[in-house]
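Data block below; observations after.
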Amino acid sequence: MTNSVLENNAVVRGLCPHDCPDTCALLTTVENGRAVKVQGNPDHLHTQGVLCTKVSRYTERTYSPERLMHPLKRSGPKGAGKFVQVTWEKAIQDIAARLKAIASENPEAVLPYSYAGTMGWVQSEAMATRFFNKMGASQLDRTICASAGGEGLVYTLGGKFGMKTEFFSESKLIVIWGSNSITSNVHFWRRAQEAKRNGAKLICIDPRHSETAEKCHVHLPIRPGTDAALAFAIMRELVVNDWLDTDYIDKYTLGWAELRERAMTWTLDRAADVCGVDEDLIRALAKDWGTTSKAAIRLNYGMQRVKGGANAVRAIACLPALTGAWRDRAGGLLLSSSSNFKVNKKDLHRPDLLGERRPRTLNMTTIGNDLIHPGSPEWGPQVKALLVYNSNPVAIAPQSGKVVQGFAREDLFTVVMEHFQTDTADYADYVLPATTQLEHWDVQGSYGHTDVLLNRPAIAPVGQAKSNSEIFRLLAKAMGYTEACFSEDDLSMCRTAVGSDVDFQALLDVGFVSMPVPDAPFAEGGFATPSGRCEFVSDRLAAQGLDPLPDHIPNYEVPLAGHRFPLAMISPPARNFLNSSFVNVDSLREIEKEPLIEICSEDAAARGIATGDTVKVFNDRGEYHCKADVSKRARPGVVNGLGIWWRKMGLNGTNVNEVTSQLLTDLGRAPVFYDCQVEVALLKKA
Ligand code: SF4
């Protein structure tokens, strides 16, 4: 195994940094200085030697002929993708000069834009955050994926805690709620299959008849945004059938009387009407939940991308406490485990570099509106410079027509750090080639298990690529920032990130370390809420003037009779893509073929649409052209626009986010990608 010195022939331990709860341990085989194979580490409990198809092809991605090899400077109009090669020195000096000029007028006119393209603690928000803190730039509210559900957990359980993923294999009932686990959580799916072989019942709740739903015993194809209604109907059934664990409720929860009153209004027929599923299915689900010991819920983030997403998570997170499911390590719920990790943000991000300044915060979800905002005394200065890393906002942010309009501003100075010439890179003034995970150090926890992993560089940077942290180090130097933290190297930052909570030598020796987390975290209460109980009623929400109880909050956009846009649309990831990553890997794109919308046979017939036809998906925000797939994966009234294709690979240069909105969730200020009404019309027969 290599340490800081690269070896020509070696097997190097690493971790997968992509936005996935599994956070796999990687083994990269290097021959003559070139990575020839990337495999799962068989010694790592959660990886079990297996990677998903996407990352097992990582060498194809790393050595792709389309990989960015040199810094590039724009030579054509914004968005045209025309660039000339420049040296690193020129790029860094030019960028620093532009940023200095803008920041000297008002540093809040500079905005970072980043998310989970790389989730590592060092290559995401470490040197970058120090840099922007020193400058006093606007801060970014990183909400694009999980903050509604995260808030739901925080107000109910006290943090992003839950079952350990390994104990799902002992469960006797697994409710997979809002997740296509085969696609987005494959190592959990292996546990679920183990449980199934041992007699467990698997139930999937998802508007789409996904690959996962297909393999479960029962599928409830509920309408998008109706999950809380379903949870309340289950609660009512628990009450009327006396399936409650009253001892657990008395000792370890807060606010049952109030929650019970609300739940009792959710009769089976009311919930069936709202959710659009047969009431017998809801009754049977409630019975399974109320009468099975070792009952577990694997909740995932799809269901919280609607107006009431956080409330829905709150309602669902009450269910294990009502039946005392938490008493057993194979019972309870898992949405995210990320609060088990305490990143040493004080030393890694250096908030002290802000001094007395408190810059404004802009929400990454509303980047479309924010880039075209002219600025005002209340809002602050117009955004004049944008530094994008670990993200592809032109493809992934909602209402992309507005996003494109903002990125196309000739007076906006945009720098993009990337592996490939993405939709966003096309709008950059400078594109800087970034290293992939095989080429840099990093360290990271997980939101699906409780291990910290270390990533060693396996190969030298490809072409002239540099790590994100090295790019920000160079920019800091060119800006004249002299604090010692701007010279810290990546390996040292890995140590800084984990602080004293993790044995760093063990990370160096083995590659991963488990956090000391109890097997059944809430068996005897011990919730991380202010009361120490599972809070059905939240004083913290009441103090903000909000409803202290969870509720069913209908979507912003609901199908009304005679509405111009009668179909609800969800946009889950295509199986071989991860958000907009991997779309340009030829062998993966060949599997996905082309952008498509799944539509059920009756909705298709009503519009004269057959599989293979070219259709337009549209609403007042825009239109998206793709192929139709008349499929049992879509339920009546709901279409599935699989994502996230790069716009430039779309049939009319758009993707599914052309029609999504910039509205926000009830809590967490998150996007509502799955709260979107559209119409679908035939453009051309196959
Ligand atoms: S994307 Fe997920 S399943 Fe695939 S290798 Fe990475 S962590 Fe593992």
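What you see below is based on every heavy atom in this structure, not just the backbone, and it leaves out hydrogens, waters and symmetry mates. Note that ligands are numbered from 1 as they come in the structure, with each ligand's atoms numbered from 1 the same way.
- Within ligand 1, the atoms closer than 4.0 Å to a non-hydrogen atom of Thr23 are 7 (S), numbered from 1 in the order shown.
- Atom 4 (Fe) of ligand 1 has an N, O or S atom of Cys52 closer than 2.8 Å.
- Side-chain rings of His187 and His46 stay apart, their centers remaining 6.0 Å or farther from each other.
- Nearest protein heavy-atom neighbour of atom 8 (Fe) of ligand 1: Cys24 SG, 2.3 Å.
- Of the protein's heavy atoms, Val55 CB, 3.5 Å lies nearest to atom 5 (S) of ligand 1.
- Contact of the Trp177 side chain with the Asn300 side chain is not registered, since no non-hydrogen atoms from C-beta on lie closer than 4.5 Å.
- Using a 4.5 Å cut-off on side-chain heavy atoms (C-beta onward), Leu202 and Gln193 make no contact.
- Per-residue contacts place Cys16 under 4.0 angstrom from the following atoms of ligand 1 (heavy atoms of the residue considered): 1 (S), 5 (S), 6 (Fe), 7 (S).
- Residue Cys20 has at least one heavy-atom neighbour below 4.0 Å for each of these atoms of ligand 1: 1 (S), 2 (Fe), 3 (S), 7 (S).
- Taking a 6.0 Å sphere around NZ of Lys37, one finds it holds 12 or fewer heavy atoms contributed by other residues, nucleotides or ligands.
- Ring centers of Tyr113 and Tyr389: at least 6.0 Å apart, outside the cut-off.
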